[in-house]
Amino acid sequence: MKNAAAAVKTSLLNQSDTRTIANFYAVQLQFLCREKKYASSAFALVRSIHGNMITSGFRPRSHILNRLIDIYCKNSGLVYAKHLFDRIPQPDVVARTTIIAAYSASGYPKLAREVFNKTPLSIRDTVCYNAMITGYSHNNDGHAAIKLFLDMRWKSFPPDEYTYTSVLAALALIADHEMHCGQLHCAVVKSGMASVKCVVNALISVYVKCASSPIASSVVLMDSASKLFYEMPERDDLSWTTIITGYVKNDDLDAARKVFDGMDEKLLVAWNAMISGYVHKGFIFEALDMLRKMQSAGLKPDEFTCTSILSACADAGLFLLGKQVHAYVRRTEEEIHVSVHNALITLYWKCGRVDEARKVFDNLAFKDLVSWNAVLSAYVGAGRINEAKLFFDEMPEKNSLAWTVMISGFAQNGKGEEALKLFNQMRLHGIELCDYAFAGAITSCAVLAALETGCQLHAQLIQRGFDSSLSAGNALITFYGRSGVIEAARTVFLTMPCVDLVSWNALIAALGQHGYGAQAIELFEQMLNEHITPDRISFLTVISACSHAGLVERGRHYFNIMHSVYKINPGEDHYARLIDLLSRAGRLLEAKDVIQTMPTKPGAPMWEALLAGCRTHRNVDLGVEAAEKLFELTPQHDGTYILLANTFAAAGRWDDAAKVRKLMRDQGVKKEPGCSWIKVENTVHVFLVDDTAHPEIQAVYNYLEELRLKMRKMGYVPDTQYVLQDMEAEQKEYAISTHSEKLAVVFGLLKLPRGATIRVFKNLRICGDCHNAIKFMSKVEAREIIVRDGNRFHHFRDGECSCGNYW
DNA sequence: ATAGGGTTAG
């Protein structure tokens with residue numbers, strides 16, 4: 001680029017002879033044409049040359065004009081190119097072809113098509129058809145490309161090797177079966193093009209493309225591809241790199257490496273393909289090793305190499321190495337490519353330096369969509385959701401990825417309603433919905449437990465053919481799990497064409513939340529048998545599953561092998577789950593022992609787990625100890641006061657319970673009011689304790705009274721230990737009879753059709769008496785009742801609960 | 001003037 005700039009400058013200075021001005025311009029533009037790289041200075045240069053033409057009154061003839069248009073197109077000056085083109089009274093076929101290619105490459109297939117259609121048949125040629133066929137391919141419209149190919153043959157324009165290459169690329173967009181590959185192969189042989197190198201290259205890349213389809217047999221197809229490759233009479237650079245990248249894309253790095261090692265003169269492109277392959281697989285060490293070898297071979301890392309390495313550093317947290325790459329690219333004479341800057345932004349925020357990432361962005365002379373999206377992800381990744389929204393609103397152009405990041409950002413930060421609102425706006429704006437966007441929206445439904453909305457989205461997903469999407473499938477598993485439909489979660493998992501670690505983790509978590517500990521463990525073991533390596537999330541979920549099901553030894557076992565076998569250091573969250581596991585089971589001293597011996601200072605979640613165990617197992621002394629720690633760590637947290645007061649009340653120490661309540665008042669801490677809700681005919685009905693606000697509350701109380709008589713006959717005894725204040729026995733019984741979860745369930749019994757499952761949600765943990773009462777209700781009414789409390793799911797059926805009275 | 005390989009945002 002710098003050479004081109006110098007050449008342009010000298011020729012601008014020397015233009016004294018008006019007769020040769022045209023030649024000067026031609027020379028200048030030729031220099032720019034050779035620069036294939038996308039650089040911000042190239043745009044400035046075209047502007048200055050163009051400006052010079054205008055001020056000097058030079059009227060360019062068509063070949064110079066065409067070249068000017070071409071350079072504008074290639075250097076982010078599409079608007080200027082369009083302006084120039086539109087003012088040509090009768091553009092020749094070269095100008096038309098240039099602008100068709102540019103419109104297609106910039107994602108304006110409609111404009112390209114318009115120019116093509118207005119091109120008279122008399123001036124059309126094969127090149128012009130080729131450009132339009134490629135244009136369709138670039139915009140993912142394989143069918144239109146093939147239709148145009150047929151049209152071209154019908155009108156007797158002779159296809160050339162460019163045509164075949166383009167048509168094969170178009171077919172690769174549509175073909176996803178092994179059958180199609182064979183047919184294409186035959187067609188190429190019949191066309192007599194089977195000996196043309198670039199056509200065979202294109203055919204190989206069709207095989208590669210088909211091999212990565214989830215329903216194809218990748219090994220067989222890659223074998224065919226490699227056979228084609230080895231049987232070629234002579235291979236060019238592209239042949240080598242196509243087969244190498246083919247193996248890389250199909251996750252067979254060993255095969256790729258074998259071909260790569262067989263290359264006499266290893267191209268930079270091939271090195272880059274290997275490096276990015278290793279990075280994607282998480283083999284950071286191998287990637288860095290390749291980088292070293294490449295440099296020993298005398299090749300300099302270019303922007304592709306640097307972006308891959310930077311991305312590896314970002315994922316592995318190798319901040320210092322990343323900084324070294326940054327220093328390296330700064331030392332080189334070349335202008336830093338925007339993609340390197342983008343990878344740097346990602347490096348900074350993934351290493352926890354969000355503000356520095358923003359600074360890199362602010363200092364960029366040239367930003368593209370990816371730069372904006374990288375910063376947006378930075379805010380979302382750091383949970384700075386408000387800043388993310390402000391930034392999102394500022395974005396000059398938003399593609400579907402930006403919308404998706406924002407939607408899932410809201411969802412992941414518990415803002416389900418905002419997320420769904422944004423998803424609807426995305427629809428209204430006519431932005432193409434991809435599977436990731438659906439995944440974000442479905443995650444919001446999981447947050448909101450919006451069963452109907454989520455089901456509708458699932459249906460639309462199938463309609464659009466996204467049902468094989470990994471991200472959407474994973475979101476669905478979590479959604480169905482959190483909405484209480486565990487069977488559907490399992491079905492999604494089983495019908496997904498391919499699953500990843502996230503899918504396994506999601507289903508294990510869902511089973512755990514529903515209390516199916518044995519099944520969760522079985523699934524986890526099955527995953528290990530399939531040689532899938534668990535991550536820290538897997539252990540978090542499987543230990544919780546053990547905790548919910550009371551499988552203490554199992555849980556301990558998993559905690560132990562996490563480090564001894566899988567070399568994962570347990571984090572605070574893992575310790576919290578372990579303590580929860582022990583405390584729930586009443587092994588309070590062991591739990592306390594873990595707290596005292598853990599390597600870091602125990603935080604609030606550990607003490608809270610212990611305190612909850614003390615409340616359940618009525619250990620007042622230890623409970624007080626845990627509560628005191630919590631008062632220091634999180635003095636404003638209401639749960640501590642409630643649990644401690646509960647612990648005293650359960651032991652009959654009403655005075656102490658009262659003291660805790662007073663302390664809570666004095667500290668200005670408010671109890672989060674318990675509320676339960678149920679959806680009936682598209683309306684969400686919310687109930688508070690002792691509710692008087694709901695319009696049909698009287699009917700609910702009446703029916704509850706009726707039920708209580710029946711339940712008593714079957715042996716139900718109200719358990720008044722869950723009342724916090726001391727009062728007369730009768731009052732106590734009344735106090736617990738009006739808990740919100742009971743009211744919501746009874747409302748469901750009254751309103752929902754016979755046989756329909758009742759799904760109630762509660763913000764806090766379900767109360768012990770309610771748990772018992774709902775068991776009786778499920779028997780008396782012969783109904784399946786599902787309650788999701790703040791913690792997990794309870795499936796009540798025929799007088800029993802799936803949690804086995806253990807929660 | 002048209003095809004074809006390697007990079008970055010989820």
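Here A/Leu267 lies in heavy-atom contact (under 4.0 Å) with a base. Residue-level contact check: A/Ser308 touches the backbone only, with heavy atoms under 4.0 Å from sugar-phosphate atoms and none from bases. Using a 4.0 Å heavy-atom distance criterion, A/Asp125 is classed as a base contact. Counting non-hydrogen atoms under 4.0 angstrom, A/Trp403 reaches nothing in the nucleic acid. Nucleic acid contact class of A/Asp160 (heavy atoms, under 4.0 Å, all strands): none. Within the 4.0 angstrom heavy-atom criterion, no nucleotide atom of any strand lies near A/Lys197.
Looking at residues two or more places apart in sequence or on another chain, you find no salt bridge (charged side-chain N to carboxylate O under 4.0 Å, His left out) involving A/Arg330.
Residue A/Glu394 places its CD atom among more than 12 non-hydrogen atoms of other residues, nucleotides or ligands, all under 6.0 Å distant.
Ring geometry for A/Tyr80 against A/Tyr72 counts as parallel: the plane angle stays under 30°, on a 0 to 90° scale with 60° as the upper cut. Between A/Phe391 and A/Phe361, the ring planes are perpendicular. Angles over 60° get that label, and only those under 30° would be called parallel.
A/Gly416 and A/Ser444 make their closest contact through O-CB, 3.6 Å (heavy atoms, listed as atom of the first residue, atom of the second, distance).
The line from CG of A/Asp141 to CD1 of A/Ile133 is 12.5 Å long, rounded to the nearest 0.5 Å.
A 4.0 Å heavy-atom criterion places the boundary nucleotides of DNA chain B facing chain A at B/dA1 to B/dG10, written 5' to 3'.
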